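Take a look at the structure set out below.
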There are 2 protein chains.
Amino acid sequence: MKRIADSTVRRLSVYLRFLEGSSQRGLPTISSEELAAHGGTTSAQVRKDLSFFGSFGKRGLGYSVPELTSSLRDILGLGRAWKVAIVGAGKIGIALAQYDGFRSRGFHVVAVYDSDERKVGTRWDGMTVRHLSSMAADMAEYEPEIAVLAVPAEAAQEVAMGVVDAGFKAILNFAPTQLHVPPEVSVRSVNLALELEGLSYELSNRSR
Amino acid sequence: MKRIADSTVRRLSVYLRFLEGSSQRGLPTISSEELAAHGGTTSAQVRKDLSFFGSFGKRGLGYSVPELTSSLRDILGLGRAWKVAIVGAGKIGIALAQYDGFRSRGFHVVAVYDSDERKVGTRWDGMTVRHLSSMAADMAEYEPEIAVLAVPAEAAQEVAMGVVDAGFKAILNFAPTQLHVPPEVSVRSVNLALELEGLSYELSNRSR
DNA sequence: CCTAGCTTGTGAATCAATTCACAAAGTCCT
DNA sequence: AGGACTTTGTGAATTGATTCACAAGCTAGG
């Protein structure tokens, strides 16, 4: 199968979210045009995106909402629950551990780690913060698949390597650093400073 | 000036962060090759990115670290402080309001808003949560420029419109929704569900 | 069953971003 | 001062993503 562009996968998520949203209750089908309007793109783009994975619509009618919803969930690998470990029990880490948006979409937080002894043992939402050094040993018990890194920038690369060594194959990185990991490990980064600086750039160059 | 691609601006932020980082102390100059290695790109890309804004290097030598740092800060509009208002005093909103990474990079949180009366009046880090309805009136006093939206998905579009009406020209959106705003308003979105789903997709299609 | 009307799926065309590759301009050593 | 070496800046080539545009397929209504 040909490599699918990142931008395409992101849009599939957007389509899925809209399909699952309440605004869609009742209607049996939806056209690429409607899907595009809500996703901020064009109908041709929607059809092209879907065409990479098969042919889901009926000409003259559009896409069956339940069928397309289920197909997208399948494509995105959401037919199962994923186990997530939060690494870093600072403000952001704790907020993420308690965030309902994760669990409700099938991402279950099964462990929280920190390297600070003062934080180890504290409890949040029925979960006890564990020491980073026990991570590798814990893998067999919890079998987490995705590591969410919420540690200071200085520590991020080192922690990332530990996480890779422990066997994680996917990392969601909140530290404002470019992570270097082996190619078999998937990384997505959420870099708040970078987003704010993007806005700063646009505000400053509004005139163009 | 020709429209600069978003991807280029993001990379400029990455270059700047590395230049400001401690790993760079002492060395007077840096080559596009080194900058590329840390930013996860190629030297040609670095030179092309910079060339959109001028000519900052010396052939045979590279870029002066202090000069390039200052030029990048200038380009990104970081020569000044920006005032930020957090909208939504839930877990994520409060965590963001307390996050040091904002202030240390020149983004000052000057107000926190919520529409829940039970949260209005509570204090966090010396700031009092204010009611959303007072936002428009507060603008003259605080003069915030960037609104950070940390509200539930259902409320996001409506709150975004209120924020636009109040006069904000930039929004950083944490709600998992596609926001529709007038073209003169800049929006960046951080969508955790979408990032996790991207990882889920990659984990599921590892074999390819 | 036929026709008018939609809407998909997809090659071809266009637009955008990245990489190549090399002349030009400098440095550094002797 | 000269020559070997380094590194930039940038057109040209390439690769990638988006948009166009239209034949093919399906629906619905008589």
Side-chain angles (χ1 to χ4, degrees), chain A residues 1-15 18-19 24 27-72 75 178 194 198 201-202 208, chain B residues 1-15 18-19 24 27-69 71-72 75 178 198 201-202 208:
Chain A
M1 195 205 280
K2 201 168 103 244
R3 165 93 200 156
I4 301 297
D6 231 63
S7 48
T8 296
V9 177
R10 297 183 111 80
R11 281 190 302 265
L12 294 182
S13 278
V14 172
Y15 305 153
F18 176 63
L19 287 171
Q24 208 35 45
L27 285 81
T29 64
I30 189 167
S31 68
S32 56
E33 195 65 62
E34 294 169 271
L35 228 25
H38 291 275
T41 180
T42 65
S43 63
Q45 182 77 79
V46 171
R47 296 197 299 276
K48 182 69 85 181
D49 286 341
L50 295 175
S51 78
F52 292 130
F53 299 94
S55 171
F56 304 101
K58 273 207 173 56
R59 294 169 190 227
L61 193 60
Y63 302 89
S64 148
V65 171
E67 277 174 32
L68 185 57
T69 302
S70 143
S71 298
L72 285 175
I75 291 167
Q178 187 75 18
L194 191 145
Y201 170 80
E202 289 192 27
R208 186 143 321 120
Chain B
M1 196 206 279
K2 200 168 103 244
R3 165 95 199 154
I4 301 297
D6 231 62
S7 49
T8 296
V9 177
R10 296 183 110 80
R11 283 192 300 266
L12 294 182
S13 278
V14 172
Y15 305 154
F18 175 64
L19 287 171
Q24 209 34 46
L27 285 81
T29 64
I30 190 167
S31 68
S32 55
E33 196 66 62
E34 294 168 271
L35 227 26
H38 292 275
T41 181
T42 65
S43 63
Q45 182 75 78
V46 171
R47 296 197 300 276
K48 182 69 84 181
D49 286 340
L50 295 175
S51 77
F52 291 130
F53 299 95
S55 170
F56 305 100
K58 272 209 174 57
R59 292 169 192 229
L61 192 59
Y63 301 89
S64 149
V65 171
E67 277 174 32
L68 185 57
T69 301
S71 299
L72 286 176
I75 291 167
Q178 188 73 19
Y201 170 79
E202 290 192 26
R208 183 143 317 122

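Sequence lines set the chain letters: A, B, ... in the order given, protein chains first and strands last, and positions in each chain run from 1. Remember, it's a predicted structure, so these values are computed and weren't measured experimentally.
- Taking the side chain to side chain contact (heavy atoms under 4.5 Å, CB included) definition, one finds that A/S70 meets it with nothing, sequence neighbours left out.
- Residues satisfying the side chain to side chain contact (heavy atoms under 4.5 Å, CB included) criterion with A/A37, sequence neighbours excluded, are absent altogether.
- Distance CZ (A/F56) to C1' (C/dT8): 13 Å, rounded to an integer number of Å.
- Using a 30° and 60° split on the angle between ring planes, B/Y201 and A/F53 fall in the perpendicular class, above 60°.
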Starting from the C-alpha separation in whole Å, work towards a yes-or-no answer on side chain to side chain contact (heavy atoms under 4.5 Å, CB included) for A/D6 and B/E202.
-> CA-CA 10 Å; A/D6 231 63; B/E202 290 192 26; 4.0 Å; yes

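- Between A/S32 and C/dT8 there is a side-chain polar atom (N or O) within less than 4.0 angstrom of OP1 or OP2.
- In this structure B/S71 satisfies the side chain to side chain contact (heavy atoms under 4.5 Å, CB included) test together with B/F56, sequence neighbours excluded.
- Residues passing the side chain to side chain donor-acceptor pair (under 3.5 Å) test with A/S31 are A/E34, sequence neighbours excluded.
- Counting to the nearest Å, the C1' atom of C/dT8 and the CZ atom of A/F53 are 18 Å from each other.
- The salt bridge (charged side-chain N to carboxylate O under 4.0 Å, His left out) check on B/R47 picks up nothing, with sequence neighbours excluded.
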Readout for nucleotides 14-19 of chain C: B = base within 4.0 Å of protein heavy atom, S = sugar-phosphate only, - = neither; 5' to 3' it is ---SSB

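- To the nearest 0.5 angstrom, B/T41 atom OG1 is 12.5 Å from B/K48 atom NZ.
- Residue B/Y63 has a polar side-chain atom (N or O) positioned under 4.0 Å from OP1 or OP2 of D/dG9.
- Across the protein-nucleic acid pair, A/L50 atom CG and C/dT10 atom P stand 11 Å apart, rounded to whole Å.
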Report, as a single string ordered 5' to 3', how protein heavy atoms within less than 4.0 Å touch nucleotides 22-30 of chain D: B base, S sugar-phosphate only, - not at all.
-> -BBBB----

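- When B/L12, B/I4, B/I75, B/V9 are each tested for a side-chain contact (heavy atoms from CB on, under 4.5 Å) with B/F52, only one passes: B/I4.
- For residues 49-58 of chain B, the set of pairs meeting the salt bridge (charged side-chain N to carboxylate O under 4.0 Å, His left out) definition, not counting sequence neighbours, comprises B/R11-B/D49.
- Atom CD1 in A/I30 sits about 13 Å away from atom C1' in C/dT7, given to the nearest Å.
- A/S43 comes within 4.0 angstrom of nothing in the nucleic acid, heavy atoms only.
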All N/O pairs under 3.5 Å across the protein-nucleotides 2-5 of chain D interface:
none

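- Every residue meeting the side chain to side chain contact (heavy atoms under 4.5 Å, CB included) condition with A/Q178, not counting sequence neighbours, appears here in chain and number order: A/H180, B/V14.
- The side chain of A/S31 contributes no N or O atom lying less than 4.0 Å from OP1 or OP2 of C/dT7.
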